[in-house]
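Notes follow once the structure below has been shown.
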Protein chains: 2
Amino acid sequence: MFIHYHIDMSILTEYTVAMLKYILLGFLDYGPMTGYELKQTIDNSTGHFWHAHHSQIYTTLRQMEKDGLVSSVFKSSEDALRRRIYTITESGKKELMEWLDTPMEEIQPLKEDFLVRMFFSGKRDPQKVLEELAIQQKLHKSTSKVYEKMQDAICHYGHPQTGNLSDQQKYWKLTLEMGIMYEKMYQEWLEKAIEVVKGK
Amino acid sequence: MFIHYHIDMSILTEYTVAMLKYILLGFLDYGPMTGYELKQTIDNSTGHFWHAHHSQIYTTLRQMEKDGLVSSVFKSSEDALRRRIYTITESGKKELMEWLDTPMEEIQPLKEDFLVRMFFSGKRDPQKVLEELAIQQKLHKSTSKVYEKMQDAICHYGHPQTGNLSDQQKYWKLTLEMGIMYEKMYQEWLEKAIEVVKGK
DNA sequence: CAGACCATGTAAAACGTTACATGATTCC
DNA sequence: GGAATCATGTAACGTTTTACATGGTCTG
C-alpha cells in the first residue's frame, strides 16, 4: 500500500537550540524592554514564523537572568505598575553573537496539521472536504492581508529623504516576504486541492 | 454575594488534538501494523509535514491500547523477533471518523528557526550571511529532489491499465504537492534573500 | 563475525500550552 | 463603575526530543 523506499532523513535532523532565548536576546540587544513589551514585539514582528505565550516568555526571562544573560530592575518607584525592565548583559551579547556566527546546517521539517487531515481524507465525503478547504481559503486570505499591511508599514519606516531601510529593517522585510510567499503558495495549493477533490 | 464556581469544561468538549494519535489511527485503519512499520511509513509519507520519533510512537500506541483505540498481539511464536502487531478497534475507527468529520477552523502559524536567524542578521557580516544562505540552498535543493522522486513513485502505483490513482493516493499526492510547492517557494525566497544581502 | 538493520521499549529533560491568579491603569 | 488593557507571575499538563538499554536477524 505504501511504498517503502529509503529516504535519507539525516538532512532533516532537528536544529535544537532554545530558540526563544535567542529571540529574547535579539530584541533586548536593541534596547531594554519588559516581558510584556517583548511579548507584543514578538507578536508584531517574528510572530508569523515564531510565536510564544506570555507564560513562556516570563519564565524564560527569569531563567536567563539566573544564567547571567540579562539583568532586570523594576521601573522607578513613582510607577505603580510593576514593570520589570530587562537589559541584556555582556555575557548575553556574547552568546547572541556566537549563535549568529554559527551557521545552521540543517533544514527544519514542516509541521502542518491541516495536511494530516488532507492525507487521510480519502474516505471522507468530498463535499465536506470542499467545505473545509473553503474555510482554509478564507483564513489564509485574511492572513495574507495582515502581512501585506505589515509590509506597507515597514516601507514607511524608511529614511525620511531617501526612503532607505536600515539593515535591521531590510532583514525584517525579508522575513515578512517569506510570510507573504508562504501564504500565496498555500492559497495556490488550496485551489489545486479543490480542483482535485472536485474532479472525482 | 456571587458564588465563584468552576465549570468543568472537560465534560463539554474533549478537544485534545493529539495529532500523532490520529496519524496512527489513520494508518492502522488501512490495516494492522507494528510500531516499527508505522515509524517507517510515517517517514516515507507524512514525514515531510509531520514526523515523530520511535520512542513517541511506541509510548503513544501503548496509551492508545489502554484507551481501547487499538489492540495488539505478538506475531506467532515461530517469529523470534518480538513484533507487536497493532490493530485498530471499532472504538478507534469511530474516533478517527469523528475527528475527520470535525472541520479545522484555524490556521497553524509557521515555526521556522532559520527565519529567526535571518531576522537578527542585520548586525552580521553579510559575507557570512551569504554563506549560510548558500548552505540552505543546497539543502533545500536536495529535499526537492527527494519529493520529486516520491511523486514519481506514487504515479507508478496507479491502476495498471488506466493509470488512475485511488482516493487515498490522490490525497497523498496532494500533500506531497504541498511539499514540492513549499520547497520551490523556499528556493525562490533564498534567491531573493541573496539579492537583498548582496545589494548593500 | 562484524556491521547494518530489525524491533521494542524506558527515563529524563526540554519545550510548549492552558488554566489559574492577582492587581493597577485608562477611558468611556 | 465597568470594560479593556497593562503587567506579571505560578501550576499543571501535554508534547517532543535525547539518551539509555536490550537483543535478534541478515548479509557478506
Side-chain angles (χ1 to χ4, degrees), chain A residues 4-10 12-24 33-43 47 50-65 67 72-75 77-86 106 108-109 111 113 116, chain B residues 2 4-10 12-24 33-43 47 50-67 72-75 77-86 106 108-109 111 113 116:
Chain A
H4 281 234
Y5 46 94
H6 192 68
I7 291 163
D8 181 14
M9 298 296 281
S10 64
L12 298 176
T13 317
E14 232 80 16
Y15 184 70
T16 42
V17 208
M19 205 50 56
L20 182 55
K21 186 170 84 177
Y22 297 111
I23 291 181
L24 297 173
M33 255 194 273
T34 67
Y36 191 86
E37 286 166 335
L38 281 161
K39 166 67 174 148
Q40 284 187 120
T41 305
I42 288 169
D43 287 348
W50 223 98
H51 64 98
H53 291 268
H54 79 267
S55 58
Q56 208 187 347
I57 291 169
Y58 286 121
T59 49
T60 303
L61 283 167
R62 302 309 291 273
Q63 188 54 54
M64 285 163 72
E65 188 169 21
D67 296 341
S72 79
V73 282
F74 278 103
K75 211 179 170 185
S77 51
E78 82 263 15
D79 184 17
L81 285 174
R82 293 134 45 257
R83 290 158 52 80
R84 189 192 284 275
I85 320 267
Y86 283 94
E106 305 89 38
Q108 230 192 324
K111 204 148 204 183
D113 290 0
V116 176
Chain B
F2 289 100
H4 285 244
Y5 54 92
H6 184 68
I7 298 169
D8 183 12
M9 297 296 283
S10 66
L12 303 172
T13 48
E14 199 141 330
Y15 255 85
T16 320
V17 181
M19 206 49 57
L20 183 54
K21 186 171 83 177
Y22 298 112
I23 292 180
L24 297 174
M33 254 193 273
T34 67
Y36 192 86
E37 287 166 335
L38 281 161
K39 166 66 175 149
Q40 282 185 119
T41 305
I42 289 170
D43 288 348
W50 222 99
H51 64 98
H53 291 268
H54 79 267
S55 58
Q56 207 187 347
I57 292 169
Y58 286 121
T59 50
T60 303
L61 283 168
R62 300 310 290 273
Q63 187 55 53
M64 286 163 70
E65 189 168 21
K66 272 186 194 160
D67 296 341
S72 78
V73 282
F74 278 102
K75 212 180 171 185
S77 52
E78 82 265 13
D79 184 16
L81 285 175
R82 294 135 45 256
R83 289 158 53 81
R84 188 191 286 275
I85 320 268
Y86 283 94
E106 308 90 37
Q108 231 191 323
K111 206 150 203 182
D113 291 359
V116 176

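Numbers restart at 1 for each chain; the letters A, B, ... are given by sequence-line order, proteins then strands. Quick caveat: nothing in here was measured; it's all calculated off a predicted structure.
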Open item on the list: Need one value for B:Thr34: base, sugar-phosphate or nothing, where a base atom within 4.0 Å counts as base even if backbone is also close, heavy atoms only.
Closed with: sugar-phosphate
Open item on the list: Looking only at the side chain of A:His54 (C-beta and beyond, no hydrogens), which of the listed nucleotides D:dG9, C:dG16, C:dT10 gets closest?
Closed with: D:dG9
Open item on the list: Strictly below 4.0 Å: does B:Lys111 bring a side-chain N or O up to OP1 or OP2 of C:dG16?
Closed with: yes
Open item on the list: Restricting to side chain to side chain contact (heavy atoms under 4.5 Å, CB included), what partner residues turn up for A:His53, sequence neighbours left out?
Closed with: A:Ser55
Task: Length of the line joining B:Leu20:CG and D:dT16:P, which is rounded to integer Å - done: 7 Å
TODO: State, to 0.1 Å, how close B:Leu61 and B:Gly35 come at their nearest heavy-atom pair, and which atoms those are.
DONE: CD1-CA, 3.7 Å
Task: Smallest separation among heavy atoms of B:Ile42 and B:His51, with atom names - done: CG2-CA, 4.3 Å
Open item on the list: Any side-chain N or O of A:Arg82 below 4.0 angstrom from OP1/OP2 of D:dT8?
Closed with: no
Task: Those residues that, when tested against B:Asp67, pass side chain to side chain contact (heavy atoms under 4.5 Å, CB included) (two or more places apart) - done: B:Gln63, B:Leu69
Task: Terminal axis angle for the helix from C:dC1-D:dG28 to C:dC28-D:dG1, five pairs an end, nearest 10 degrees - done: 30°
Open item on the list: Quick check: any donor-acceptor pair below 3.5 Å linking the side-chain of B:Ser55 to the base of D:dT16?
Closed with: no
TODO: Report the residues that fulfil side chain to side chain contact (heavy atoms under 4.5 Å, CB included) with A:Thr60, sequence neighbours left out, ordered by chain and then residue number.
DONE: A:Leu20, A:Leu24, A:Gln56, A:Met64
Task: Phosphate OP1/OP2 of C:dT17 contacted by A:His53 side-chain N/O (<4.0 Å) - done: yes
Open item on the list: Without decimals, in angstroms, what is the distance between B:Ile23 CD1 and D:dT15 P?
Closed with: 13 Å
Open item on the list: OP1 or OP2 of C:dG9 versus the side-chain N and O atoms of B:Arg84: is any pair under 4.0 Å?
Closed with: yes
TODO: Taking ring-ring contact (aromatic ring centres under 6.0 Å, His included) as the test, write out the residues that go with B:Tyr36, two or more places apart.
DONE: none
Open item on the list: Measuring from atom CG of B:Asp113 to atom CD of A:Gln108, what distance do you get when rounded to the nearest 0.5 angstrom?
Closed with: 3.5 Å
Task: All side chain to side chain contact (heavy atoms under 4.5 Å, CB included) counterparts of B:Ser72, not counting sequence neighbours - done: B:Glu65, B:Arg84, B:Tyr86
Task: Strand-adjacent residues in residues 35-43 of chain A, judged by heavy atoms under 4.0 Å from DNA chain D - done: A:Gly35, A:Tyr36
Open item on the list: Can you pull out the residues from residues 56-65 of chain B that lie within a 4.0 Å heavy-atom distance of DNA chain D?
Closed with: B:Gln56
